[in-house]
Amino acid sequence: MSAEQKRADPKSITPQSEDFDRWYVDTVLRAELADYAPVRGCMVIRPYGFALWENVQRALDDMIKRTGHSNMYFPMFIPESFFAKEADHVEGFAPEVAWVTHGGGRELEERLAIRPTSETIICTLYRDWIHSWRDLPVKINQWANMCRWEKRTRLFLRTTEFLWQEGHTFHATDEEAGGEVSEMLGCYRELAEEWLAIPVIPGRKTESEKFAGARYTESIEAMMADGWALQSGTSHHLAQNFTRAYDITYSDRANTLQHPFQTSWGLSTRIIGGVIMVHGDDRGLVLPPRVAPVQVVVVPIVRSNDPEGTALVEDAVRRIQAEAGSSVRLRVDDREGMRPGEKYAEWELRGVPLRIVVGAKDLAGGQVTLVRRLDGEQRTTPLDGLAAQLPGLLEETQHALRARAQQRLEERSVDVASLDELVAAFAERPVFASGPFCNDPACEVRIKAAVHALTVRVLRADRSADGAPCLACGKPADHVALFARAY
RNA sequence: CGGGAAGUAGCUCAGCCAGGUUAGAGUGCACGGUUCGGGACCGUGAGGUCGCGAGUUCGAAUCUCGCCUUCCCGACCA
């Protein structure tokens with residue numbers, strides 16, 4: 001089938017190789033993860049997409065609790081005067097803030113920002129709640145919606161309103177805050193790698209890429225199937241920048257007034273876009289079992305003119321359901337009047353990791369057919385003991401997905417020692433290039449100019465340059481930077 | 001926010017250039033039947049303020065202007 005014909009077929013999605021961006025949009029819409037809302041740049045997260053987000057949320061929320069944080073909730077409206085105290089922060093967010101100017105039919109005396117992030121209102125409140133070294137550390141988190149008026153939006157990756165969690169902590173010492181920053185980045189890494197099967201590269205942002213108001217920002221960077229990078233979680237060391245600006249003080253053990261050290265860290269619905277773009281294929285989504293809303297779909301093959309066979313099939317399906325119990329998230333697709341092939345295609349589009357096909361033919365030999373979404377691998381297997389194997393099969397898929405993503409990351413990563421090598425690395429296709437970098441903003445500008453749409457993703461936490469010459473200026477470099485095109 | 005493309009049924013689109021019966025197709029949807037192990041087939045039926053608003057005209061999906069939304073490419077940014 002030619003590309004032209006495929007486009008005319010409303011049931012098909014654009015192949016990745018033809019147009020990756022269009023494939024992404026087709027997949028999100030057709031798999032019913034989300035749809036466009038009537039307001040520019042906004043999206044509706046549909047039940048299937050939200051179920052996926054809830055599973056991500058649950059995993060991360062457990063980690064947040066495990067590391068000693070409590071959830072709470074701040075309002076979404078932030079008075080302009082609260083917002084304006086930290087200069088870098090205001091300047092950094094000013095162009096993206098939406099303002100409420102009217103309420104109750106009248107113009108407000110003071111404009112209200114719709115939060116683009118909550119440092120300012122949290123600091124304002126904690127000024128009253130932190131007084132003593134005994135009040136520290138403060139380790140809180142909130143799950144909330146945010147608003148950033150972006151000029152160019154993309155489903156999940158960058159929308160005007162989005163959902164995330166933002167953690168905010170206050171500590172007595174600089175070192176303790178630094179430990180918090182890396183501990184939470186570690187949680188994000190664990191979420192990405194263990195739950196979403198997405199290998200990531202952790203590191204520190206350059207000055208130009210860091211959070212407005214932070215001393216430094218760390219992030220995890222993931223490679224999408226097209227070789228582009230996605231910043232998938234960020235953690236900021238705010239030092240005393242906000243606690244000074246918002247005048248948060250406490251008495252230490254020696255009864256001297258101190259400003260606490262602060263951190264903040266966030267992970268958003270954007271990560272859903274990452275899951276889609278890392279694992280998906282031309283049939284649609286491929287979801288990691290640990291977060292898939294439906295882990296196993298059972299498709300019974302029944303014929304209206306074969307009541308005997310139908311009864312056998314229905315018995316077998318009931319047995320699978322009963323034996324699987326709550327050990328896996330299993331759905332039986334017993335919709336009438338829909339042919340099996342149609343059901344297969346639909347659940348493949350939706351990325352369900354395992355499919356069990358139950359038909360009279362296989363059942364005659366006490367078997368059913370098992371199909372893996374990951375690679376389409378198909379085999380018959382005894383009905384006896386099948387349900388007990390499902391959790392193990394799902395774990396296998398989870399690991400295979402992770403390994404596949406890891407392999408792609410390695411295949412499309414290169415080390416470069418000069419600007420020429422950097423340019424050559426991107427000549428054919430987008431890659432992750434790593435090379436020695438002195439972290440001078442002027443060098444960053446030169447490097448970005450060398451390759452179209454290139455950015456410095458992070459100064460890698462896992463690599464050291466050992467004084468090798470910076471690939472832009474040749475001076476001894478402390479860092480190995482990751483260079484890539486980014487969403 | 002600049003450049004380009006697009007918006008007609010849930011979806012993919014034709015019709016527009018050269019304005020004129022009741023606006024079409026495929027797919028999807030509902031019902032009936034035959035089917036049923038990879039997106040079946042036959043029949044019947046429902047479904048559209050032609051993105052929104054002005055204007056030109058006896059008459060606008062079609063021409064003009066403005067606006068909105070989406071997609072692509074930039075600039076900007078999570």
Side-chain angles (χ1 to χ4, degrees), chain A residues 1 4-14 19-26 29-30 32 35-43 91-97 116-117 146-160 162-164 166 205 208-212 214 217 219-221 229-236 264-271 273-274 283-284 299-306 309-310 313 335-349 355-364 367-369 371 376 378 380 452-453 455 457 486-487:
Chain A
M1 196 183 265
E4 285 309 308
Q5 285 171 313
K6 275 202 169 164
R7 226 191 299 277
D9 176 7
K11 290 184 194 172
S12 74
I13 57 178
T14 307
D19 185 339
F20 192 83
D21 296 325
R22 191 162 167 180
W23 166 85
Y24 176 78
V25 173
D26 283 355
L29 299 178
R30 289 274 323 281
E32 298 183 358
D35 204 345
Y36 294 102
V39 180
R40 178 194 180 88
C42 291
M43 65 187 268
E91 198 187 326
F93 278 102
E96 306 170 23
V97 174
T117 181
M146 296 288 134
C147 180
R148 294 182 192 174
W149 217 263
E150 299 289 352
K151 291 175 176 162
R152 189 173 175 189
T153 58
R154 296 169 64 89
L155 294 166
F156 285 111
L157 301 175
R158 183 175 285 104
T159 46
T160 302
F162 59 96
L163 305 183
W164 78 349
E166 51 178 331
K205 289 292 189 185
S208 71
E209 299 266 344
K210 76 174 187 187
F211 176 74
T217 291
S219 75
I220 51 172
E221 302 285 327
L230 184 73
Q231 179 174 313
S232 306
T234 52
S235 189
H236 316 291
S264 69
W265 26 274
L267 182 139
S268 75
T269 36
R270 177 179 231 207
I271 198 86
R283 288 168 185 247
V299 180
I301 309 293
V302 297
R303 306 175 183 220
S304 55
N305 60 4
D306 177 18
T310 298
V313 167
R335 287 177 291 180
E336 291 175 39
M338 200 170 171
R339 295 167 69 83
E342 237 178 310
K343 295 182 179 180
Y344 301 163
E346 184 176 315
W347 294 110
E348 281 165 1
L349 171 66
R355 176 169 77 236
I356 301 173
V357 179
V358 184
K361 217 185 291 173
D362 290 336
L363 278 180
Q367 295 195 308
V368 296
T369 297
V371 186
Q378 185 165 335
T380 54
H452 174 70
T455 57
R457 299 318 303 151
Y487 278 98

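Heavy atoms only: backbone and side chains are in, while hydrogens, waters and symmetry mates are out. Naming: A, B, ... by sequence-line order, numbering from 1 per chain.
Rounded to whole Å, the C1' atom of G28(B) lies 10 Å from the corresponding atom of A9(B). Here the separation of C71(B) from C29(B), taken at their P atoms, is 26 Å to the nearest Å. A gap of 49 Å separates the C1' atoms of U35(B) and C73(B), to the nearest Å. Separating the P atom of U49(B) from that of A5(B) is a span of 29 Å, rounded to the nearest Å. Spacing of C1' atoms, A54(B) relative to G48(B), comes out at 23 Å, to the nearest Å. The gap from the C1' atom of G38(B) to that of G19(B) amounts to 48 Å, rounded to the nearest Å. Comparing the same atom, P, in G53(B) and in A14(B) gives a spacing of 24 Å after rounding to whole Å. Straight-line distance between the P atoms of U57(B) and C68(B): roughly 28 Å, to the nearest whole Å.
The nucleotide U56(B) finds no pairing partner, because no Watson-Crick or G-U wobble arrangement with both distances shorter than 3.5 Å includes it. Pair check for G24(B) finds C13(B); Watson-Crick or G-U wobble, both atom distances under 3.5 Å. As the counterpart of C36(B), no nucleotide is assigned, since no Watson-Crick or G-U wobble pattern has both distances under 3.5 Å. C71(B) is paired with G4(B) under the Watson-Crick or G-U wobble criterion, all donor-acceptor distances under 3.5 Å. When both distances must be under 3.5 Å, the Watson-Crick or G-U wobble mate of C77(B) does not exist. Judged by Watson-Crick or G-U wobble contacts below 3.5 Å, the nucleotide G43(B) has C31(B) as its partner.
Counting heavy atoms from C-beta outward, Trp149(A) and Thr160(A) have side chains that approach closer than 4.5 Å.
Distance OG1/Thr269(A) to CG/Leu163(A): 5.0 Å, rounded to 0.5 Å.
The residues Glu346(A) and Arg30(A) are annotated as not salt-bridged, no charged nitrogen and carboxylate oxygen being separated by less than 4.0 angstrom. Remark: Lys205(A) engages Glu221(A) in a salt bridge, criterion side-chain N to carboxylate O under 4.0 Å.
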Base contacts versus sugar-phosphate-only contacts with protein, heavy atoms under 4.0 Å: please encode nucleotides 36-45 of chain B as B, S and - from 5' to 3'.
BBBBB-----
Base, backbone or nothing for each nucleotide of nucleotides 71-78 of chain B, written B, S, -, heavy atoms under 4.0 angstrom, 5' to 3'?
SSBSB-BB
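Side-chain N or O atoms of Tyr24(A) include one that pairs as donor or acceptor with a backbone N or O of Leu155(A) at under 3.5 Å.
In summary, the side chains of His236(A) and Thr217(A) do present a donor paired with an acceptor at a separation below 3.5 Å, with no hydrogens or angles considered. The closest side-chain donor-acceptor pair between Thr14(A) and Asp26(A) falls under 3.5 angstrom.
In summary, the aromatic rings of Phe93(A) and Phe211(A) are positioned with their centroids under 6.0 Å apart.
Within the 4.0 angstrom heavy-atom criterion, no nucleotide atom of any strand lies near Gly233(A).
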Can you check side chain to side chain contact (heavy atoms under 4.5 Å, CB included) on Arg355(A) and Tyr344(A), steps first, answer last?
CA-CA 8 Å; Arg355(A) 176 169 77 236; Tyr344(A) 301 163; 3.3 Å; yes
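Considering every non-hydrogen atom in both Arg270(A) and Gln231(A), the closest pair reads NH1-O, 3.2 Å.
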